[in-house]
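Heads up, the thing below is written out as structure tokens.
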Amino acid sequence: MARIIVVTSGKGGVGKTTSSAAISTGLAQRGYKTAVVDFDVGLRNLDLIMGVERRVVYDFVNVINDEAKLGQALIRDKRVENLYVLPASQTRDKDALTQEGVGKVLGQFAEDGFDYVICDSPAGIERGAQLAMYFADEAIVVSNPEVSSVRDSDRMLGILSSKSRRAEQDDEPIREHLLITRYQPERVDLGEMLSVEDVLEILSVPLLGVIPESEAVLQASNAGVPVIMESGSDAGQAYDDAVARLLGEERELRFVDARKKGFFSRLLGK
Amino acid sequence: MNDTPAFELKGRLLTLTVLRLFEPHVVNLAMALKAKVEQAPGFFDNTPVVLDLEPLQDGHKVIDFPALVSLLGNHGLLVSGVLGGNEKQRRAAADAGLGLFSDRQRGAEPPQPAPEPAPAAEPEPRPEPEPEPEPPARPATCSARLVTQPVRSGQQIYARGGDLVVLAPVSAGAEIIADGHIHVYAPLRGRAIAGAAGDVDARIFCQSLEAELVSINGVYQIKEDLEQGVPGTPVQIHRQNDNLIIRPL
Ligand SMILES: Nc1ncnc2c1ncn2[C@@H]1O[C@H](COP(=O)(O)OP(=O)(O)O)[C@@H](O)[C@H]1O
Ligand SMILES: [Mg+2]
């Protein structure tokens with residue numbers, strides 16, 4: 001059975017696509033057959049972050065409409081074995097996704113022997129986002145350490161617990177994880193940002209990881225490389241920890257403490 | 001085509017909410033309703049009601065039924081007919097497309113579904129047993145509603161006719177409502193409305209009072225006025241006349 005994991009947040013621009021790319025890559029690096037699916041129909045950018053934009057032929061909507069087989073639309077990653085990308089359509093709107101269609105394609109992944117399907121959710125709490133999470137077994141709720149983002153994540157958690165297939169069928173609830181991204185310990189110390197503890201206190205969801213604000217993310221996405229592959233970078237290592245925790249390993253939290261940063265690197269503004 | 005009949009006409013006794021009208025002026029009524037609904041949004045949700053005109057039947061009060069029906073409809077109350085009223089008022093109601101209940105159908109106060117069929121002619125609204133929001137005392141037997149998951153921003157939970165017990169945090173932006181008491185064994189950060197159907201003795205209990213609003217039968221305090229206790233200190237809130245009294249537990 002393919003395990004379906006939605007990466008969601010409510011708010012836009014918090015790091016869902018960055019996280020979907022990193023986590024799917026991390027799972028594939030560990031040998032799991034993994035697909036990452038772009039649900040942001042009309043605003044696709046997962047293919048850019050994954051560096052496969054030039055190889056897009058068919059997309060998610062084509063598969064839903066039976067215009068292409070899943071195998072034809074999936075783009076196989078050239079760097080990491082077992083990693084596949086299903087791009088979103090750029091020309092269609094969100095109404096092109098139907099619950100039936102999404103269910104059909106996700107079922108196909110299971111038949112094709114995938115271990116994990118990572119669903120990169122669009123922003124908002126409407127149809128597109130709800131379809132991305134409807135079939136999920138697990139949810140990674142991405143939140144920035146600021147009040148409005150946390151509030152949106154809280155809303156999304158409410159929707160996960162009431163409008164998903166598992167909720168409707170009274171199954172075991174979706175397993176929830178919290179991923180805090182763009183964390184800046186210095187600004188937390190200045191009281192300009194919520195701390196990890198603050199966010200956990202409000203959301204009370206198990207913590208999957210804390211990703212620091214990092215130059216490496218921008219550089220990696222410009223290069224079309226999932227940041228987890230930059231294994232020397234802080235954000236890359238933090239994502240690697242998150243993937244390990246997702247698989248049940250225990251890893252200590254890193255990059256959450258301003259004092260641990262070297263004095264010189266702070267002077268240099270890194 | 002098969003032989004199954006297209007419909008079946010059956011008499012049934014249903015529990016209906018009765019709205020006793022003391023005030024024929026739609027504007028005054030609108031203001032009273034707005035106040036009620038602001039305390040408890042979602043309190044009425046396509047609730048069928050019967051208008052009891054009895055308090056207005058002496059005298060010459062004219063009732064604008066079309067305006068009344070649309071006003072109540074906007075607040076989630078679907079008028080299915082009228083009870084009582086004088087000849088003129090009943091004719092106006094019929095002209096507005098409302099059903100006419102006879103005084104014989106007035107029924108006992110807490111109506112019990114009876115096995116005997118009733119006369120078949122009455123309009124049959126959705127069979128939804130509704131406790132009457134009118135009587136101030138809580139019904140003697142009402143079970144509490146238990147919530148074990150966090151109540152998240154944007155969610156609303158209403159324990160109709162009884163108490164609400166929440167074992168997980170209530171987020172800012174969430175709303176919990178009960179006709180009876182509210183217990184939150186976790187931080188209360190959203191809005192809590194107890195005694196929503198008129199019980200002035202309803203209370204709110206919580207493990208940590210960080211609420212946006214607390215209200216007991218219409219008397220409310222918002223976050224700014226609320227003397228926030230020490231977070232993590234359990235409190236209880238009850239109503240004394242027109243004040244809310246907040247005490248550590
Ligand atoms: N940890 C991070 N450090 C710095 N920039 C980040 C980080 N995570 C995301 N970003 C940047 O934030 C922007 C939005 O990220 P994206 O993953 O596209 O968010 P979403 O999919 O939630 O809209 C992008 O420009 C991305 O490079
Ligand atoms: Mg995105």
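Side chains are part of it too, since the values below use all heavy atoms of this structure and drop only hydrogens, waters and symmetry mates. Chain letters run A, B, ... following the sequence lines, proteins first, then strands; residues in each count from 1. Because the structure is a prediction, the values reported are computed rather than measured.
With sequence neighbours left out, the ring-ring contact (aromatic ring centres under 6.0 Å, His included) criterion links A/Phe114 to A/Tyr84, A/Phe109.
With a 4.5 Å cut-off on non-hydrogen atoms, A/Ile125 does not touch chain B at all.
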Can you pull every donor-acceptor pair closer than 3.5 Å across chain B and chain A?
unit_1	atom_1	unit_2	atom_2	d
B/Arg152	NH1	A/Asp154	OD1	3.0
B/Arg152	NH1	A/Leu203	O	2.8
B/Arg152	NH2	A/Leu203	O	3.1
B/Ser153	N	A/Asp154	OD2	2.6
B/Gln155	NE2	A/Gly158	O	3.0
B/Ser171	OG	A/Asp154	OD1	3.0
B/Ser171	OG	A/Asp154	OD2	2.8
B/Arg189	NH1	A/Glu201	O	3.4
B/Arg189	NH2	A/Glu201	OE2	2.8

